[in-house]
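Take a look at the structure below.
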Amino acid sequence: MIQLILSRFATSLLVIFGASVLVYCIMYLLPGDPVLLMLDPSSATPEMIANLRAQLGLDQPFYIQFANYFGDMLRGDFGQSMVNSDPVLPKILEHFPATLALTALSSLIAITIGITLGVLSAIHRNGVIDVMARLVGLFGISMPTFWTGILLILLFSVQLGWFPAMGSDGFSSLVLPAATLGLVGAGFIVRMVRNSMLEVINEPFIVALRAKGLSERAIMYGHALRNALIPAVTVIGMLIGDLLAGTVVVETVFSRQGIGRIIADALMAKDLPVVQGVVFFTSIIYVVLNLLVDISYSYIDPRVRRAVRT
């Protein structure tokens, strides 16, 4: 287990470094000068522009800028916003709980609906439940998050008045954004769990369990589901990271104050330190989630533990 964790940890560090390089290169190559966004073009003199560019280190070669940026990141210094000079890391930590709550609730909705409908769809194959489950999966995969969010606002906020359409005040304002992301995630999980369950149901060990006299409920939920969840865990782990990334759109639609909204505003203003800081922060979370998924394999599937020992 220790060998498995160390190997995955080393790979995770490479992924974080690669993500940092990629984002920095993209932001560096984007058109526009962030210095001109910080100054008034009508009153800024060439000397003022040159002094500010030197103060921000933007007059140095690319590789020196990146080395300074990545070194500061490793020390926990995410820099200051180019728009209002606020420190980036405290700003991220201030808004991250709202995004974490949204991601956690949407993941809970996606996993609960996805696994439940996926299992029921496989057990009642070609029945009414199967048709409904596949429709939910098709809807979740096909519909863009912003369009699903708008539909939920029109139905539950405008027509029924059950939940607020915008804001970050209390649990009620969290329901619709979480449902928007959760329905998208549930669509992927339904399809994965259903297909995995159908494959496992036809395995010889299921026939052997039936021959021993075990109840159908014990076979499906005690044995078939556990084996079907092995490939589904990968999808769920990656899906949680995708839901975290999806908060950029959802928080904008519902006017929630989270890191998704922060990075959306920073991209519009080309606030490089904020964009790079949020991406670096979220990439660490994404990699940690995938590391936990890899470790969970050893508890779900004993064959992984045996492979590591050999």
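A quick note: this is a predicted structure, and the numbers were derived from the prediction, not measured.
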Can [Y] be reached from [X] by stepping across I, L, V, M, F, W or Y side chains whose heavy atoms are under 4.5 Å apart?
X	Y	answer
Val119	Met132	no
Trp147	Leu154	yes
Leu138	Leu152	no
Leu117	Val128	no
Val131	Ile189	no

Ring geometry between Phe281 and Phe96 (parallel below 30°, tilted from 30 to 60°, perpendicular above 60°):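 Aromatic pair Phe96/Phe281 classed perpendicular.
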
- Run the side chain to side chain contact (heavy atoms under 4.5 Å, CB included) check on Arg134 and Arg194 step by step: do they pass? CA-CA 9 Å; Arg134 283 188 286 177; Arg194 179 182 183 274; 4.0 Å; yes

As an exercise, state the distance from [atom1] of [X] to [atom2] of [Y], rounded to the nearest 0.5 Å.
X	Y	atom1	atom2	value
Thr180	Leu151	OG1	CG	9.0 Å
Thr148	Leu183	OG1	CG	7.0 Å
Leu176	Arg256	CG	CZ	10.5 Å
Thr116	Leu120	OG1	CG	6.5 Å
Asp130	Leu135	CG	CG	9.5 Å
Ile262	His95	CD1	NE2	4.5 Å

Checklist entry - Can you tell if the side chain of Phe163 reaches within under 4.5 Å of the side chain of Leu174, non-hydrogen atoms only? => result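 Of all side-chain heavy-atom pairs linking Leu174 with Phe163, none is under 4.5 Å.
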
Quick one: closest heavy-atom pair of [X] and [Y], and the distance?
X	Y	answer
Ala133	Ser121	CB-CB, 3.6 Å
Leu181	Ser106	CB-CB, 3.6 Å
Val250	Pro177	CG1-CB, 3.6 Å

Discussion item. Tell me whether Thr99 contacts the main-chain N or O of Ile259 through its side chain, where contact means a donor paired with an acceptor under 3.5 Å.
Written reply: yes

### Query
Would you say the side-chain atoms of Thr282 pair up with the backbone N or O of Val279, donor to acceptor, closer than 3.5 Å?
yes

Under 6.0 Å from the CZ atom of Arg191, do we count more than 12 heavy atoms belonging to anything else shown?
no

